[in-house]
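Here's the structure, in structure tokens; my notes come after.
Note that these values count all heavy atoms, side chains included, but never hydrogens, waters or copies made by symmetry.
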Amino acid sequence: MISDLPLCDFTQPLELQAVRALGRRVVWSAQALPRHRRQSDTSAGQLRLTTDQCDWLLPADPLPTGLVPAPGDTLQAGEERWLVQSAEVLVGGSVWRCHCILQD
């Protein structure tokens, strides 16, 4: 099933950067849709940590054969670099939702 995600408004170009077996680096470019961007704060005494989180929707087609987004992969969108925390397939296998946190 081919995804119509690239036809959605507000998609952004990004690169999925993945390291797989034997250190092989895979870079894949796509139009993806950022969803549910939010900030969370964690406090421990005087220390306060603010984390930006975002779910990115990536079309599964045309992912290179066998490439599946996985925790530890990164998404580069403009100047922002997002670390994939989890990934799940949606919409009959045509879209991946990657839960990510913004890297400093």
- Item | Point-to-point distance, once rounded to the nearest 0.5 Å, from CG of Asp55 to CH2 of Trp82 | 9.5 Å

- Task: Before giving the answer on side chain to side chain contact (heavy atoms under 4.5 Å, CB included), spell out for Val84 and Cys100 the whole-Å C-alpha distance, their side-chain angles and the decisive distance to 0.1 Å.
- Result: CA-CA 4 Å; Val84 176; Cys100 304; 3.9 Å; yes

- Message: Please report the interatomic distance CH2(Trp56) to CG(Leu16), rounded to the nearest 0.5 Å.
- Response: 12.0 Å

- Message: Any non-hydrogen side-chain atom of Arg35 less than 4.5 Å from a side-chain atom of Arg97?
- Response: no

- Message: Tell me the closest heavy-atom pair linking Gly93 and Ala60, and the distance in Å.
- Response: O-CB, 3.3 Å

- What distance do Ile101 atom CD1 and Gln85 atom CD have between them, rounded to the nearest 0.5 Å? 4.0 Å

- How long is the gap from CH2 on Trp96 to CD on Glu88, to the nearest 0.5 Å? 9.0 Å

- Ala87 versus Pro69, closest heavy-atom pair with distance: CB-O, 3.4 Å

- Gln76 side-chain N/O to Gly78 backbone N/O, donor-acceptor pair under 3.5 Å: yes

- Item | Leu58 and Leu75, any side-chain heavy atoms less than 4.5 Å apart | yes

- Query: Would a 4.5 Å heavy-atom cut-off, applied to side chains only, mark Pro13 and Gln31 as touching?
  - Reply: yes

- Task: Give the cluster check for Leu102 versus Leu14: same hydrophobic cluster or not, with ILVMFWY residues linked at side-chain heavy-atom distances below 4.5 Å.
- Result: yes

